[in-house]
Structure formats: structure tokens, C-alpha cells
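The structure under discussion appears below in the form of C-alpha cells.
Just so you know, residue 1 is the first one in the sequence shown, and it goes up from there. Just so you know, these numbers use all the heavy atoms, side chains as well, and skip hydrogens, waters and symmetry mates. Whatever order the structure lists them in is the order used to number ligands and atoms, beginning at 1. Just so you know, these numbers come straight off a predicted model, no measurement behind them.
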Amino acid sequence: MTYSYTQISQYLTCPRRYRYRYLDGWKEKDTRAAMLFGRAFEQALAAYFLREDPAAALFQEWSTCQNQELQFSKGDTWDRMLQQGIMLLDRFCRDDRIDVRQPRRNLQVKVAKPISGMNEFVAYIDAIGQLDGARCLLEWKTTSNRYPEEPDGLLALDPQLVCYSWLTGISEVAQIVFVRKRLVEVQYLRTTITDQQRQEFGQLVQDTIRRIESAQFLPHSGIRFPQNPCSSCPYVGFCLGRQDLAEAALVRRPGADHLGWLDELTY
Ligand code: SF4
């Protein structure tokens with residue numbers, strides 16, 4: 001069995017949600033504009049490091065989504081997102097704080113780690129490069145809101161960064177956050193993951209896999225209303241017995257239990 005960060009985090013959010021997604025094969029429809037834009041933007045960044053035209057790459061990738069029925073949020077439109085993307089690329093190039101040498105090798109780096117039994121853990125790291133001249137693991141994020149920077153040290157608690165540090169053994173990690181807002185902004189957030197955090201994450205993975213293998217899929221979203229994640233969960237239609245809601249949000253993909261690691265390719 002191949003596990004990914006997304007699988008572990010979905011199980012920890014709600015085991016029932018994991019079952020719907022990975023065992024029953026129900027997957028959220030790929031119509032969210034923000035997610036598809038994130039994928040297109042990632043291709044534009046790859047073009048930049050490969051010394052190609054990043055704006056042209058963004059236009060080309062984003063154009064493939066133009067005629068789909070996209071779900072936009074907060075007044076976004078296809079044109080507006082393209083314009084923001086081009087401004088963000090311009091800002092990123094002018095900042096010139098990130099270097100990725102040998103981009104064909106150091107972008108979308110596949111890392112696989114054998115874990116208990118016949119299991120392995122797979123991830124695709126966005127990049128391994130340098131921020132302000134110091135080597136680190138890099139993750140790209142596109143968002144319409146700034147990432148919080150207070151209290152100091154918050155980023156070190158990010159579970160995805162801890163996971164990737166555990167997988168690679170690299171302690172210096174950074175999120176490069178591309179903020180789509182009226183005045184676009186690029187945040188360069190870096191932190192250090194400790195040995196203890198890596199060790200504890202490894203234990204969390206083992207423990208989670210044990211619970212998955214013993215078929216513990218009781219529903220528990222964990223937080224009370226109004227922060228209850230059920231309100232934004234794509235599987236809420238199943239839990240409420242509302243087939244109409246489920247069909248509006250989901251598509252069935254047989255064999256999904258073997259393809260979970262592919263989630264690492266998505267935003
Ligand atoms: S709606 Fe709530 S209980 Fe049901 S799968 Fe989603 S998070 Fe879990």
C-alpha cells in the first residue's frame with residue numbers, strides 16, 4: 001500500500017471522510033478554480049526555473065481550464081486570476097530570492113520511504129533549492145489571503161512541512177506563498193523542523209496506518225459548530241443521507257485506494 005501526506009491528513013481530519021475517498025473511491029469534482037489555478041501557476045514556476053517564459057506558460061495552462069464550468073470564489077474571474085498570476089510572477093522574478101539548480105531534477109522531486117510491512121510513503125516535493133542563498137525544501141502555495149506569521153514560530157507546526165522534512169531528512173523548509181489580492185504579494189516563510197518533530201511525525205504515520213489497517217473509520221470531525229469541518233466537507237451529503245448533495249460535489253473513481261499518492265500532484 002502506498003500512503004501520502006494527503007491520505008494521513010484526511011484520516012486525521014475524519015476517518016469516515018478517508019473511507020469515502022480512498023476505499024469507496026468518491027473524489028471531489030475538479031471544478032474549483034483556485035485549485036486549478038494553483039496547478040497552472042506551478043507549471044509557470046517550472047517554466048521560470050527552466051529559463052522559459054513563465055507568463056506564456058501560465059496563459060497556456062490556465063487557458064485549458066477556460067471553457068470548464070469553474071467554481072470561482074469571492075468575485076474571482078478567469079481574467080482576473082490570470083492578471084494576478086502574471087503580476088505575481090513578475091514580483092517573484094524581481095525579488096530573485098529563490099534559486100533552483102538543475103530544475104529538471106530538483107522540481108517536483110519524488111521521494112519514497114519504506115514504512116511498516118509492505119507499505120511505502122510517497123510525496124512529490126515542489127522543489128529543493130535555495131532561499132536567500134541557504135539550501136532548503138520549498139513548497140509553493142497560491143492563496144487569496146496572506147498566511148499568518150504570528151505568533152513567531154507558527155510555521156514550524158505546519159504538518160505538511162513536518163511531513164516532508166521527515167521524508168527527506170531536510171530540516172530547513174520554506175513556504176513561498178503567492179497571495180492573489182488587489183496588490184499582490186509573495187511571502188517567503190522559512191523555518192526549521194527539529195529531529196524530535198520528525199521522529200514524532202514518523203510515529204503518527206505508523207499509528208494512523210495501524211488504525212486504517214484495522215478498519216477504524218468512525219466519523220468524527222473533531223470540532224464543534226461553527227468551526228465544524230463537516231460544513232465544508234465534500235462528503236457531507238453521504239453523512240446527511242443527501243444523495244443530491246453528494247452527486248453535486250463528487251465523482252466515483254474505482255481503484256482509488258491504490259492511487260492516493262497521486263494527490264501529492266494536486267494543490
Ligand atoms: S461530513 Fe463530517 S463526519 Fe461526514 S465525512 Fe465529512 S467531516 Fe466526516
Checklist line | Which of the ligand 1 atoms, numbered from 1, are nearer than 4.0 Å to a heavy atom of C239 | finding: 1 (S), 3 (S), 4 (Fe), 5 (S)

Check: Relative to the heavy atoms of P219, which atoms of ligand 1 are at a distance of less than 4.0 Å?
Finding: 3 (S)

Notebook entry, point to check: What pair of heavy atoms forms the shortest contact from I209 to S116, and how long is it?
Noted result: CG2-OG, 4.5 Å

Checklist line | Heavy-atom closest pair, residues L89 and A44 | finding: CD1-CB, 3.9 Å

Next item on the list: Answer yes or no for R17 and Y235: cation-pi contact, defined as NZ/CZ to six-membered ring centre under 6.0 Å and angle to ring axis within 45°.
Entry: no

Check: Under a 4.0 Å heavy-atom limit, does C233 contact ligand 1 with its side chain, its backbone, both, or neither?
Finding: side chain

Check: Where the side chain of Q7 meets the backbone of S4, is there a donor-acceptor pair that is under 3.5 Å apart?
Finding: yes

Note to self: With no hydrogens and no angle check, just 3.5 Å: does a side-chain donor-acceptor pair link E42 and Q108?
What the structure shows: yes

Checklist line | Metal check, atom 6 (Fe) of ligand 1 vs C14 N/O/S, cut-off below 2.8 Å | finding: no

Next item on the list: Please could you name the atoms of ligand 1 that R17 approaches to less than 4.0 Å, counting only its heavy atoms?
Entry: 5 (S)

